[in-house]
Each structure stands twice: as structure tokens, then as C-alpha cells.
Amino acid sequence: MTSIEVRESAIALPEPESDAVGLEAVDVSAWFGTNKVLERVNLSMPPRTVTALIGPSGCGKSTFLRILNRMHESVPTARMAGEVRLNGEDIYDSSARITAMRKRIGMVFQKPNPFPAMSIAENVTAGLKLTGTKVSRSERADLIERCLVRGGLWNEVKDRLDEPGQGLSGGQQQRLCIARALAVNPDVLLMDEPCSALDPTSTRRVEETIAELAPDVTIVIVTHNMQQAARVSQQCAFFLAEMGTPGGIVEAGTTKQVFEAPHDPRTADYVNGRFG
Amino acid sequence: MTAVLEPLREDVPRELERVFTPADKAFRRSATGIGLTVLVLTAAIGLFLGYQAIPTLHRYGLSFFTQSQWLPQQDIIGLAAVLVGTVEVALVALVVGFPLALMTALYISEYAPAAIKGWLVAAVDLMAAVPSIIYGLWGFFFLQPQAIHVSRWLAQNLGWIPIFHVDTDANSASWAQTKFTASAFIAGLAVSMMVIPLACAVMRSVFAQAPLGEREAALALGSTRWGMIRTVVLPFGQGGIIGGTMLALGRALGETVAVLLIISPAFDIKPNILEVGTETTSALIAGLFGEASKAQLSALLTAGFVLFCLTLVVNTVAAVFVNRSRSGASTEI
């Protein structure tokens, strides 16, 4: 059994800076109908940090992630309790506009989902159009380039920006979705198993993209891949739902600590691949 | 050790044979048989009508389509006015029904709370189950007395557009109400009630198939519900919108009883939809076939043949649109 290596650079949590925005979940519980799937989850996701959510299937990681940008409530029977604080303000507060909150907390999904009726360039600017953000023609071209560069896709598509986004490979589509999410300039980027439908090369490109984004954007990533969690994240939270109980965090801490010196035996078993 | 050279196998595609189980075979045959029966029936109706139409078409030739009057006693027979009336009634039904069907479908699939969704679907489907004679009675006794005021308003304000012109003084205090009754407009309103559930059902089922991934992508970008509908649901549902509308048009073209009850027959080619009197193909057939002689019956069946071809074309085009759109195909990955 080889233990998973954690990069040295990934150990130290960066000092929070004044303009950076972090996310904090306080006593978050979730239900689908009467079935409770999360119980009292508390997790601080500091600014400029990549937080990985790991755990076996059905432990509530994705539900938790979707609570972080209010996508959870789009499911008809879904309910939640607790608070999610973006820069100290509860995003579920009655004065908070759901569209504004989702714009500040972007999301990349498991399955790449570019808009098929739109070109690559239109896909990047779709968020601006949808949120009614006006950009001039010259700014638009700059923005498309900047976002595609940040998404790690620019070199592959710069000559065919007007072609449909559906024509790209799965990995390219996913990076297009990242570029699209970045175009509205979010403070936080949530990623729900962004690489699970991708081949190893595309996965590596997305991971590089995450590393490049980390200094500017707070990233929360759900992943089933332990190596990936170790490679990309500085902080890690292990979720578990034991037989018949709602999911919750067993252990959270720096990625190095969770992987190399877990406090809880269940965490040790999971990160070393003994169950899950 | 010497290698024995085996003769090279021929490199051509193999004929692959599939062995079906008896149950599979039986099901396959009966399904094919029933499917073919439907096609054969449709073809038989078409052939029957076509065959019956031969004497009439032979006798009147092209003038059957250019002559507007229908006076069998004077040996003058033509479909021109009837076809114009048919299209007018159908178009009125579509212009009124399309926005209502689209909005209803969008409301049910996108906005309605889950608790009332099922009820709304049932209510709209129930509209389709109401016999058309009921719509005819409703149109004649309830709708018409109200709708003539709309007709008058349109004639007063938009009368300079030929289709809204009525040959009377609409502004007069004692306006000629009977000039506004029994018109293509009122018949079209009644028919629209019948085509709404059809168009709505097609649109609704297509909207419901709009991929969740794309919907969530739009919402997660901070889009409003309406923004999401505009970028995801409507482009995806395009085929269904067009197809559902065409199916509704096909239904509207053939609607008989309600139209027969409301309109008063008039064989003039006129664009004035608000004015009393018009005629549609199906109403013509239903109204005249009771007392028709053999030759007149052939003429009516020819009218039926024309209507059959018209609706066949419209429905085929509708099917092409629905099938060709992404809405009909499975979504990839």
C-alpha cells in the first residue's frame, strides 16, 4: 500500500487577504422530502484555497456543494437548514437575491454542459447575457480571451471561436464550462467531480487550470479520486454517511494532515482505499 | 521448424445472421402487421377519395380550384372560396391558439408548483376530450354574443387593414350586429379552443425533455428562470413548438361540426375575416352531403380529397420538424 503523496507547496494555508472572499457553512443540514441526507455540517472554506470534499458515494458531498450556491433548492422536495456565509453574509438571507448569489458562486458540473445552440465565444459570454451584464464589443473580445486562457482552452480554440461548443471533446467542453463560469467573475468556484467524465490528459489539464485559478478564486471541489484530492487541494473534508444516518463531516483539515495523519480511523481507512 | 503458411482468409465483410427466438419472431410479425395496417388504412382512404374525385376533376378540370361558387344546379362547382375560408378559419385558430398553447405549456413545465402540475395537465387534456359539438354550441350561444364586440373594436380601430374591414359603419351607435356574426373570426376562436390542448401537449412534452444539465448550467450562472427558458428550453423545444403548431393547424383545417354551427355559408373569396359568412371544406361536406345527388357527392368527395391531401402534407411536415429537432433525439453522453 503506497500512501498518497501530498505536495509540499500544498501544505501551508495562505494568509487570507482583505479583498479575498471565503465561504463558511454553519450547521448545514439537508433533506429530500423527509429523508435527511446531511446533518449539521460545519466547514470553513478560506479564500484563495482549494478545498476538496471526499467520501464514498451517497455521503452528501454533492448535496453539500449544491447548497453552497443555492442549487439545492431547485430540486422540488429539497430543504435545508443552517447558514452559508459568503464573506460573512448568509446567502440564504431573505435580503439576498438568489441570482446574485449564484453569480458570485459559480459552479462546474460533473458532466460538461455547454449550451449546444451557442458558439464557443457565445458560451463564454452566456453568463453575462443571462445576468444582464453589459460589455462593450472590444471588452467582449478581451474577456473571451482572458477567460479561455484562464480555463486553459485558449490555444486549442482561438482559431474557431465561432464554431459550436458541442464540437469540442469532452475535456475541452469541461474547460469551456470553466471559462464560462469565470466570465461572470465569481468569488467562489464550486466543482462537482469535474473530471469524472474525462480522460487522463484532460483531467491533468483541468487540474492545472485549478492550480492556476487558486490564487484568485476560492475553489471547492468534490472528487472521488484520492490522488486528485491530494494533488489539487490544500484543505480536505472527509464526508461519510454511515448505515441509515445522514451524511456529515468525519474529519476536516489540511490535505497533508487528512492524508498522512488522519485522526479518525474511518478517514484512514478511506484515504488508504480500504473501503468506499 | 518451418512455418506453415495458411491460406489468407478473404477480407470482405461477412454476412451476419441473427437468430430470433419464436417469441421474438411472433412479436415482430404482429407488430409489423399492425403497423402496416395503419399505413394501409390511410392509403386506402386516400385512394378511395382519389378514385371518387376522378369524374369531378375530369369534368371541371382546373376550374374546380379557381371557381368560387358552389351551384350544382347550374353546373358551377369550385373550391376557391371554400379553400380560402378553410385557411382563414385555421389561421385565426392558430394565431389565437399558438400564444395560449405556448404560454400554457411553459407555465406547466417550468413554473407551475408540483402540487398543481398534474391537475393542470389533466385540465388541458380534458379540453381535448370535449366533443366539438359542445365547442360549437358554446361558440354559438356564449362566445359569439361577446366576440362580436371584439370584432367591432377591431373593425373600428384596424378597419383600414383589409382583413379587419367590415362593410358597414362600425362606429354607428346602432351598429349592425348581424354583420359581425357567423364570421371566420368567431369560428376560428371556437376552433382555437380545440387545437390548444393538442399543441400544448406536444410543446409541454418537448419542454420537459430539455436537458437538466443545461438548465442547471444556466441557473448556476445566475440566470433568472426566464433567462434559463430563453437560452435552454426554447432553443431545445423549437422543433416541438413548430411541430405542435403544425399538428394544430392540421386539426384546425379539418374541424367540422363547431364551424358548421357557427358560420353562415357564403361562397365569396374575401379576406374580411370579421364579416358575416364564410365556408370551410369540411363544413361544406357536412352541410351538403345529406341531400347530394350522385354527381354532387363526387364533387364533395373531391373536396374531401383536397382536404385529405392538405392535412397529410401539414402533418407530415410537422412530423419532420418534431423528429429532426434535438428534442426528438436522445441527448449525447
Side-chain angles (χ1 to χ4, degrees), chain A residues 33 65-66 68-78 97-118 122-133 165-166 169-170 173-174 176-177 180-186 188-192 197-198, chain B residues 102 106-121 203-204 206-243 321-333:
Chain A
L65 194 74
R66 289 168 63 88
L68 297 181
N69 73 338
R70 300 192 63 167
M71 287 302 285
H72 176 64
E73 67 204 70
S74 65
V75 178
T77 59
R97 287 261 292 276
I98 186 167
T99 49
M101 290 306 138
R102 284 179 179 160
K103 188 181 168 191
R104 291 182 67 186
I105 307 171
M107 190 162 200
V108 175
F109 295 82
Q110 184 172 3
K111 196 177 119 180
N113 51 6
F115 298 124
M118 296 184 190
E122 286 168 340
N123 259 292
V124 175
T125 54
L128 299 170
K129 221 170 123 191
L130 284 168
T131 53
T133 316
Q166 284 272 285
S169 75
Q173 286 188 17
Q174 192 63 300
L176 177 59
C177 293
R180 179 178 66 187
L182 292 172
V184 293
N185 204 16
V188 181
L189 191 59
L190 309 177
M191 303 177 115
D192 190 358
L198 306 186
Chain B
L102 182 64
L106 276 179
Y107 178 73
I108 291 176
S109 84
E110 306 300 322
Y111 289 96
I116 64 164
K117 211 174 210 170
W119 292 100
L120 286 174
V121 172
M203 292 179 194
R204 183 170 51 77
V206 169
F207 293 157
Q209 287 170 26
L212 185 65
E214 288 162 33
R215 289 167 178 270
E216 293 202 322
L219 292 176
L221 284 168
S223 166
T224 57
R225 190 84 67 95
W226 170 235
M228 183 274 286
I229 291 170
R230 253 181 19 228
T231 37
V232 178
V233 179
L234 290 179
F236 179 86
Q238 218 171 29
I241 296 174
I242 299 173
F321 269 108
V322 175
N323 290 335
R324 209 179 49 178
S325 70
R326 205 160 60 90
S327 350
S330 62
T331 38
E332 54 290 294
I333 305 178

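In what follows, every chain begins at residue 1, and chains take the letters A, B, ... in the order their sequences are listed. Heavy atoms only: backbone and side chains are in, while hydrogens, waters and symmetry mates are out.
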Mind listing the closest non-hydrogen atom pair of A/M107 and B/A220 along with its distance?
-> CB-CB, 3.9 Å
In Å and rounded to the nearest 0.5 Å, what is the CZ to CG distance from A/F109 to B/L212?
-> 8.5 Å
Interatomic spacing from CG in B/L219 to CD in A/E73 - rounded to 0.5 Å = 10.5 Å
Mind checking whether A/L130 and B/T231 have side chains closer than 4.5 Å, heavy atoms only?
-> yes
Contacting moiety of A/R180, where chain B heavy atoms sit under 4.5 Å | both
Which distance, rounded to the nearest 0.5 Å, do you find between the CZ of B/R225 and the OG1 of A/T99?
-> 12.0 Å
Going by an N to O cut-off under 4.0 Å, is there a salt bridge joining B/E214 and A/K111?
-> no
Could you tell me the separation between the CD1 atom of A/I98 and the OG1 atom of B/T224, rounded to the nearest 0.5 Å?
-> 11.0 Å
Using non-hydrogen atoms only, which part of A/I105 is less than 4.5 Å away from chain B: side chain, backbone, both, or neither?
-> backbone
Separation between CZ of B/R215 and CG of A/N113, rounded to the nearest 0.5 Å | 13.0 Å
Can you tell which part of A/P114 gets under 4.5 Å to a heavy atom of chain B, answering side chain, backbone, both or neither?
-> backbone
What is the distance from atom CZ of A/R102 to atom OG of B/S223, rounded to the nearest 0.5 Å?
-> 9.0 Å
Using non-hydrogen atoms only, which part of A/M101 is less than 4.5 Å away from chain B: side chain, backbone, both, or neither?
-> neither
